[in-house]
Chemist: 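Before anything else, here's the structure in question.
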Amino acid sequence: MTLGDATVVFFTGPVFSALFASWMLGEPYGLFDRVASVVCLLGVAMVVRPQGQMGWGAVSALVGAMSGALAYCVVRKVGTGVHPMVHVVYFGALSFVGSAVMMFLVQEPRMPVAMSEWALMLALGGFAFVGQALLNRGLQLAPTGPATLMRNLDVVFAFILGITLFDEIPSWMAVLGALTIIACTVAMGLHKWGKRSLT
């Protein structure tokens, strides 16, 4: 699965966030949200379809989207009473333990050898740390609509990086699916934002 396709499937997260938020936070999940969710999943089918099957990459991206949605709901449930760095520390600790276990279960462990590999690993950790801290703070402060719009830029960047760095040219079906998913998540975000601004 290409970088762009995996990112697009991961961006079904707002659909799962809306669903989980209705259960965990008591937020409304009306007819508009349900229709947008179904159409969004059709977009996932368009992205995954060119490969002919629902492979591990697509399954991993969907499970990641669900897990991320649950994490976002927990951050919202906890609220602004907890510093965003607390979330980052727990996320990092659990990721360290989970990654160490999965490293031995899924593949043969391999440590970075060259200095460039160590530099890339440090850069990855640094960017992930800063990104997670800012995401947590944004989730605490920003209205749902603008936050959803900003997060969808990840899809654009993933396609651009996939094309420029890895020569991954997306199929027209994958692009159509990506546009469908983005349209649905943006529509859901703006719909919730509009409803909140009216109250």
Side-chain angles (χ1 to χ4, degrees), residues 1-22 25 27-73 75-76 127-128 131-132 134-197:
M1 183 169 233
T2 68
L3 174 64
D5 291 352
T7 304
V8 166
V9 173
F10 182 76
F11 265 78
T12 56
V15 171
F16 296 113
S17 290
L19 182 63
F20 296 152
S22 71
L25 306 172
E27 291 186 5
Y29 187 70
L31 180 62
F32 183 88
D33 296 318
R34 291 181 185 144
V35 170
S37 297
V38 170
V39 174
C40 189
L41 292 177
L42 291 174
V44 171
M46 285 188 268
V47 170
V48 174
R49 183 80 178 125
Q51 287 133 31
Q53 61 180 352
M54 185 78 160
W56 280 113
V59 171
S60 297
L62 273 175
V63 171
M66 290 181 209
S67 300
L70 281 170
Y72 297 161
C73 288
V75 169
R76 296 264 317 274
F127 287 131
Q132 190 65 43
L134 294 175
L135 176 63
N136 289 339
R137 190 62 181 154
L139 285 169
Q140 290 177 335
L141 299 176
T144 305
T148 302
L149 291 172
M150 292 301 110
R151 291 286 295 151
N152 278 293
L153 287 174
D154 282 8
V155 175
V156 176
F157 292 135
F159 271 113
I160 291 170
L161 291 173
I163 291 167
T164 57
L165 297 179
F166 305 117
D167 293 324
E168 298 173 344
I169 308 299
S171 68
W172 67 269
M173 183 78 91
V175 172
L176 184 61
L179 292 173
T180 302
I181 292 169
I182 290 172
C184 289
T185 57
V186 168
M188 287 176 74
L190 291 176
H191 184 252
K192 281 189 183 295
W193 189 24
K195 287 174 82 172
R196 283 188 184 157
S197 60

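Computed from a predicted structure; not experimentally measured.
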Chemist: Could you measure the distance from the CG atom of L42 to the OG atom of S37? Nearest 0.5 Å is fine.
Modeler: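 If we round to the nearest 0.5 Å, L42:CG and S37:OG are 11.0 Å apart.
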Chemist: Measure across C184 and V39 and return the closest heavy-atom pair with its distance rounded to 0.1 Å.
Modeler: SG-CG1, 3.4 Å
Chemist: Which heavy-atom pair separates M188 from Y29 by the least distance, and what is that distance?
Modeler: CE-CE1, 4.5 Å
Chemist: With sequence neighbours left out, write down each residue that passes ring-ring contact (aromatic ring centres under 6.0 Å, His included) with F20, or none if nothing qualifies.
Modeler: W23
Chemist: Who pairs with T180 by side chain to side chain donor-acceptor pair (under 3.5 Å), at least two apart in sequence or on another chain?
Modeler: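 Not a single residue meets the side chain to side chain donor-acceptor pair (under 3.5 Å) criterion with T180.
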Chemist: Work out which heavy atom in M46 is nearest to a heavy atom in M173; give both atom names and the distance.
Modeler: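 The answer is O-CG, 3.1 Å.
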Chemist: Is any side-chain heavy atom of P170 closer than 4.5 Å to a side-chain heavy atom of I163?
Modeler: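 They are in contact (side-chain heavy atoms under 4.5 Å apart), so the answer is yes.
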Chemist: Within this structure, what is the CD-CG distance for the pair E27 and L19, rounded to the nearest 0.5 Å?
Modeler: 11.5 Å
Chemist: With rounding to the nearest 0.5 angstrom, report the CZ to CD1 distance, F159 to I169.
Modeler: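 Separation between the atoms: 11.0 Å.
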Chemist: As an exercise, state the distance from CG of L41 to CZ of F16, rounded to the nearest 0.5 Å.
Modeler: 6.0 Å
Chemist: Of all residues at least two apart in sequence or in a different chain, which pass the ring-ring contact (aromatic ring centres under 6.0 Å, His included) check with F166?
Modeler: none
Chemist: Please round to the nearest 0.5 Å and tell me the distance separating atom CG of D33 and atom SG of C40.
Modeler: 11.5 Å
Chemist: In Å, rounded to the nearest 0.5 Å, how long is the span from OG of S17 to CG of L25?
Modeler: 9.5 Å
